[in-house]
Number of protein chains: 2
Amino acid sequence: MYDVARLAGVSQTTVSFVVNNVTSAAISQETRDRVWAAIHALGWRPNAMARSLRTRHSQTLGLISDEVVTSPYAVRIILGAQEAAWAGQQMLLVVNTSGQRDIEQTALQFMLERRVEGLMYAAMYHHEVTPPPELTQAPVVLVNCFVADRSLPAIVPDEVQGGYTATEALIRRGHRRIAFINEIIPMPALFGRLEGYRQALAAYGLPFDPALVQSCHSNAHDAFAAALALLERDDRPTAIFCFNDKMAMGAYDAIKRLGLRIPHDVAVIGFDNLELIAAQLYPPLTTVELPHYEMGRRAVELLQTLPAGESLPPVQHYLPCPLIERESI
Amino acid sequence: MYDVARLAGVSQTTVSFVVNNVTSAAISQETRDRVWAAIHALGWRPNAMARSLRTRHSQTLGLISDEVVTSPYAVRIILGAQEAAWAGQQMLLVVNTSGQRDIEQTALQFMLERRVEGLMYAAMYHHEVTPPPELTQAPVVLVNCFVADRSLPAIVPDEVQGGYTATEALIRRGHRRIAFINEIIPMPALFGRLEGYRQALAAYGLPFDPALVQSCHSNAHDAFAAALALLERDDRPTAIFCFNDKMAMGAYDAIKRLGLRIPHDVAVIGFDNLELIAAQLYPPLTTVELPHYEMGRRAVELLQTLPAGESLPPVQHYLPCPLIERESI
DNA sequence: TCGAATTAGTAATTCGTTTTACCAAAGTCA
DNA sequence: TGACTTTGGTAAAACGAATTACTAATTCGA
């Protein structure tokens, strides 16, 4: 900056005023032009560290995730966060811990040393977490996860609404016997979607038949077996709501194996909206989307609206899971 | 730091020496303990910006990607880069430009202002790019892409070897008539894999039959049709090499539709190793993996070995695509 | 026993900005 | 014409560390 000042024949202060467009300083247009010319001539570029040191604004947000980067499911959290950060002139520092506690700790230290203006702690799938306590040394939002006592603000998908939406979509198309192939490992999604399924049935005056709810591990293979079992019943369901798209893939195989057609004989609806599966299956799979992008975006927006020095109230935000209509129902 | 010094009854210099474990400074163990005690008592944490300003090391790498974050294919580039950065005590600044030129420009400016110690410019799929010229103002590596005149160092997958590996795997299992369903839009992968396919046939003394090479858009639906056409020939192939896993998914459907079995009647091999598809298909799909993780890792390692102030020689690194054996061949 | 080496530390400068406080010249107004 | 305002700047002090050059006290070796 001193070099620029010398070349432009002004003081370093003036250069600073020019590059920052400081309105309170009266600098003639002619001088401004000279300064900019000198800047370009020298190829000078401000040093963000020096600036941040002085202004005490790092213009940086930190994102700590367990396996988010690894999984095609959840990367969109990062995308949403990054685009929102971008809109607020901030950049994103990301660390994927692969679930290792020590990496998590160190990453947190590093981010705090870099004086991030906000922290996001994101999980690959919606579940309870116990993050390191230092997390609260900066404003923080949990994304796709929550702490047991709900003492930290969190943004999570509304599983109940998601289950309701899926079931309702089937009911509206006239289905009365709707099977549900659910996950078997206890997690919020399991309980939430089941609850939504039940609420939707109740809302439309349909009976809840426990025999129509099967549980298995959430992979195509096990879902194939579960679907087969459901379809071989005498009073076979006319629609299957699958806990996720991978399971829907298994259900497709089972339906095709029995010579039945989708959606004419059996309708299928999934969950997750994994483009790779849902759009490639034949017929393309109607499914419910987890609002990953939206969660990332909202998290950043919450952090950005925060007055300096304060931290967010421990509100749990439930984001809706929208229906993605394709051709399987 | 001054507060810590005061509490420990030493100078700020001494605190600095203690926290950085400066060996050239002789500080007694007793003093060290006092300093650390003061640090913990005050909850002091070094300010990375001040440190970086003085040391001129930002401990940061920048990663600019087009759609990498969006795509389940390529996120592993980020993971590999991040883990390597981590090993070198660096953090990753990521920006996904969604292919927008202006975002790319600004992101680059921001990163240069933050004095990143290296830059990576990554593409979602292997293709030629023309990045902004300022890119070279920091040491840079292209990842999964290259410039026309090869004047920038790049790390790309070895498509030829990949095509060779896939074809060879089929030949070794006794297949003599091997079809290839290729991509139709011109790109390095199309030419490279075809070349690998031909080289493998030649190496094993098999004839190249143009009728066995079909081209279509790389989605399951079009590949379904292409596979059907191939399989309805009188001299139908006993194996199909698909340009990617999505297309293999279509080929599976075609094979099953004809009542044939995989791999007994027809073997299938894919490309990409999209876990979501490859592992969920039945039978699980044998495929060739694009070394995304490895490319990210290597990129960072190249940047890290670089002496300060220098830039990398414009070497094009071709990383091998390993065979992932499952049960479809 | 004296000079050299070692031990244990400190004062002051620097990194590259932003920002506050200040100043001189020119213009304005009664 | 003199006081006041506006215009167009500048000097100097932060921001929070790392680092260099130094000192004073102790130990060592011959």
| Does a side chain donor of either A:N96 or A:S65 reach within less than 3.5 Å of an acceptor in the other side chain? |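 A:S65 and A:N96 do have a side-chain donor-acceptor pair below 3.5 Å.
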| said: Enumerate the salt bridge (Lys or Arg N to Asp or Glu O under 4.0 Å) contacts for residues 111-122 of chain B, please, sequence neighbours excluded, ordered by first and then second residue. | reply: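 For residues 111-122 of chain B, and leaving out neighbouring residues, there are no salt bridge (Lys or Arg N to Asp or Glu O under 4.0 Å) pairs at all.
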For residues 145-155 of chain A, run the donor-acceptor check on the side chains, cut-off 3.5 Å, and write out each pair with its distance to 0.1 Å, sequence neighbours left out.
from	atom 1	to	atom 2	distance (Å)
A:D149	OD1	A:S151	N	3.0
A:D149	OD1	A:S151	OG	2.7
A:D149	OD2	A:S151	OG	3.4
A:R150	NH1	A:A148	O	3.2

Test ring pair (Phe, Tyr, Trp, His ring centres under 6.0 Å) applied to [X] - qualifying residues, sequence neighbours left out:
X      : answer
A:F17  : none
A:Y293 : none
B:F110 : A:W86

| message | Generate the contact string for nucleotides 9-16 of chain C. Rules: B means base contact, S means sugar-phosphate contact only, - means no protein heavy atom under 4.0 Å. | response | BBBB-BBB
Give every pair of a protein N or O atom and an N or O atom of nucleotides 24-29 of chain C that lie under 3.5 Å apart, one pair per line with the distance.
none

| Which whole-number value in Å describes the distance from B:N20 CG to D:dG16 C1'? |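 Going from B:N20 (CG) to D:dG16 (C1'), I get 13 Å.
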| task | Can you tell me the distance, in whole Å, between the CZ atom of B:R6 and the C1' atom of D:dG16? | result |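 Rounding to the nearest Å, CZ of B:R6 and C1' of D:dG16 are 14 Å apart.
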| Per the end-axis method with five pairs at each terminus, what is the bend angle of the helix from C:dT1-D:dA30 to C:dA30-D:dT1, to 10°? |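 Roughly 40°, once rounded to the nearest ten degrees.
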[X]: what forms a salt bridge (charged side-chain N to carboxylate O under 4.0 Å, His left out) with it, not counting sequence neighbours?
X      : answer
A:R6   : A:D3
A:R297 : A:E294, A:E301
B:E289 : none

| All side chain to side chain donor-acceptor pair (under 3.5 Å) counterparts of A:T31, not counting sequence neighbours |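 Expected list: A:S28.
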